[in-house]
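Counting starts at 1 for both ligands and their atoms, in listed order.
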Amino acid sequence: MTGEKITTRFAPSATGLLHLGNVRTALFNWLFARKVQGAFLLRIEGSDRARESDFALDTLIEDLIWLGLQWDEGFGVGGGGGPYRQSERTALYAQSYEQLQEQGLAYPCFCLPGELALARKAQLAAGRAPRYPGTCARLTAEAVMRFRAQGQQPSLRFRVPAGATIEFDDSVRGAQSFRNDDIGDFVIRRSDGSAAFFFCNAIDDALMGVTDVVRGEDHLSNTPRQILILDAVALRVPRYGHIALVLDEAGQPLSKRAGSLSVHALRERGYLPDAINNALARLGHTYDDPVFLEIEDLIGGFSLSRLSRAPARFSPAQLDFWQREALHRTRADDLWNWMGEPVRDLVPEAARQMFIEAIRANVLLPEDALAWANIIYRGPAELSQPASQAIADAKPGYFRGASEALARHPGDFQRFIATLKANVAESGKRLFMPLRAALTGRVDGPELAALYGLLGAERLRARLQSYLR
Ligand code: GLU
C-alpha cells in the first residue's frame, strides 16, 4: 500500500434510519481512512428516488456529523467523482450498459418472473443451486425483435464467462474463490430500466476512485459479480473486505426495524458520540487496552488486521459502560448543556457547578439528571421500597437526633454527621441510610455531603421534619 492514496467510503441508502450496525461500517471506513491519511467518501445509494425519504437523508447526514465522521468527498461536499447520489447517476450507467452489450458481455432477457421461478424450483428439486438457466443467452436478433414488437421490456443480463474462477484477497477474510459456473448470468438492469444494486455500487466505487471497500459480510456473495462487471468494463477493482455482522443480544443481525437502536434514537436520548464510537470500534475490532479512547487513539489503534471474522454481539450494557466513561470526561459546561432545559430551569445558577459534580457519576442520560434535579429541588416523589424499609428500620429518635444535629450545623456536613452519630449511637449503613432515604426517597445516589450542600438548611429541615412523629 506504499504511496497509494487510500479512499474508503460509506454508501448508505436513504430509505431508513442508520442503526448501529450501519454506522459501525461507517466508523471503520472513517478510522481506516484517517489512519492512513486517505480520504473518506459518502455516497447515497438507491436508484429509486421514490423510496428515499428526506427525513432519512437529513438524519443520516446529521448522525454522521454528530459522531464526528466527517467525509472528505461526496454528498454535499463534492469532489471529482460526483454526482454522489445514485439516483442522479442513471446516465453514467447507460454508458456501461451499452459498452457491455456491444462487446456481447450482456444481453436482453425476456424471461418472465413466473418462468424464472419455475426454473428455480426445478433446479432446487434436482438438488442443484438455482441459477439462471441461460434461456435468453443466445437469442437471435429476430427473436429479440419479436419480443420487443410484443411490447415486452427486457432486463439486461451479464454474461458470466463459463469455466473460470474469480479469486480475490479479502482484506478481512483472506483468500476467496468463487466458481463462475455457480454464479449464473445475472441481471444488471431490471426490466423497468433501473440499475441493479451491485452493478451501480461497483461502477460507482470504481468511477469515484474508491480503493478500499469495507462492508458487511452480507455483501460477500455480491463481490465476485462486482469484480466480473468491473473487469468487463475495464474499470479498476477496489480491494474488498467483509466484516462480520453485528448481532443483537438475541443473536439476530441488527436491522432497520430495531428502531430503538437507530443512531437517531440514541442521540435523542442523550447518548454521547464518544460513547457510541468507543462501543462500536470494539464490536468486531480489537484494541489493546479496554479503556476509553479519544478519537485520535481510536484512529491510531485501528487496523484492518484487527477486524474479526466472527460476528460481534452488541449489548446495551456495553454502550452504557462507555457512556459512563464518556460522561466522566465531559467538561462541566458541556454536561450542563447535555442535561437539557428542564434541568437548567430547576437548578439555581449558584448551585450549578455543585449539582453537576454531585450527580456526574450517578447519571447515564439527561433523564437521570432531571430525576435528580426533581428530587433535590422539588422533593422525592415517593419512597422506593428499600428507602421506606430504611426509614422503618431507623432507630427510635433517629430523626429527632438528625434535626437537632442539623439545627447546630446547618452548613457543615462533617460536623452534622459527627453530631448525628453521637446523638443516635449508630454507624455505617444504619447511620447513613435513613438519612439518605428521608432526603431523597432512594437508597442510592450522589454523595450525602454533596446532597447536604445542594439541599440547603431549609429543605433539609423540612424533609427531616416529616419523619418526626
Ligand atoms: N447501500 C449498500 C448497503 O447499505 C452498500 C453496500 C456496500 O457497502 O457496498 O448495504
Side-chain angles (χ1 to χ4, degrees), residues 6-33 38-53 56-57 59-61 63-64 69 71 73-75 81 83-90 93 168 170-173 176 186 188 190 194-230 235-247 253-258 261-264 280 284 304 307 311:
I6 301 283
T7 298
T8 69
R9 50 65 159 181
F10 182 48
S13 57
T15 51
L17 297 179
L18 291 182
H19 58 72
L20 289 177
N22 305 132
V23 100
R24 184 194 62 154
T25 302
L27 176 66
F28 286 162
N29 279 283
W30 184 86
L31 289 170
F32 180 34
F40 176 59
L41 181 151
L42 176 68
R43 174 173 76 236
I44 305 300
E45 295 217 318
S47 49
D48 183 2
R49 191 70 156 252
R51 289 189 54 224
E52 294 180 2
S53 109
L57 180 61
T59 308
L60 89 82
I61 299 290
D63 286 346
L64 291 174
L69 309 183
W71 50 104
E73 293 170 32
F75 185 77
Y84 291 99
R85 198 169 182 175
Q86 236 164 32
S87 53
E88 292 166 8
R89 296 176 65 79
T90 317
Y93 307 136
F168 66 97
D170 188 295
S171 41
V172 179
R173 305 165 70 91
Q176 303 291 316
F186 53 86
I188 53 178
R190 301 186 194 92
S194 65
F197 155 73
F198 44 77
F199 180 81
C200 31
N201 177 270
I203 299 284
D204 286 352
D205 282 335
L207 293 180
M208 293 177 185
V210 171
T211 59
D212 288 79
V213 170
V214 176
R215 60 182 178 184
E217 68 180 7
D218 49 333
H219 289 293
L220 180 60
S221 62
N222 291 326
T223 302
R225 296 189 251 186
Q226 298 193 296
I227 293 173
L228 283 167
I229 293 167
L230 292 177
L235 285 174
R236 179 182 157 161
V237 178
R239 278 179 292 269
Y240 287 96
H242 295 87
I243 43 179
L245 298 183
V246 184
L247 306 179
L254 295 186
S255 75
K256 286 182 184 171
R257 273 167 295 130
L261 290 179
S262 76
V263 175
H264 177 68
L280 294 184
L304 288 182
L307 289 171

**Item:** Close approach, Phe197 and ligand 1, non-hydrogen under 4.0 angstrom
**Value:** yes
**Asked** Only one of Asn22, Val214, Ile44 clears side chain to side chain contact (heavy atoms under 4.5 Å, CB included) with Phe10; which?
**Response** Asn22
**Complete:** To atom 7 (C) of ligand 1, the nearest of Gln226, Arg9, His242, Glu45 on a heavy-atom basis is Arg9
**Message:** Given His242, which partner from the list Glu217, Arg173, His219, Arg215 fulfils the side-chain hydrogen bond (donor to acceptor under 3.5 Å, both in side chains) test?
**Reply:** Arg215
**Item:** Step-by-step side chain to side chain donor-acceptor pair (under 3.5 Å) determination, Arg9 to Thr211
**Value:** CA-CA 9 Å; Arg9 50 65 159 181; Thr211 59; over 6 Å; no
**Top protein contact for atom 6 (C) of ligand 1, by heavy-atom distance** = His219 NE2, 3.2 Å
**Message:** For ligand 1, which is the ligand I care about here, please tell me if Ala11 has any N or O atom under 3.5 Å from one of the ligand's N or O atoms.
**Reply:** yes
**Prompt:** Is the Phe199 to Phe186 ring centre distance short of 6.0 Å?
**Reply:** no
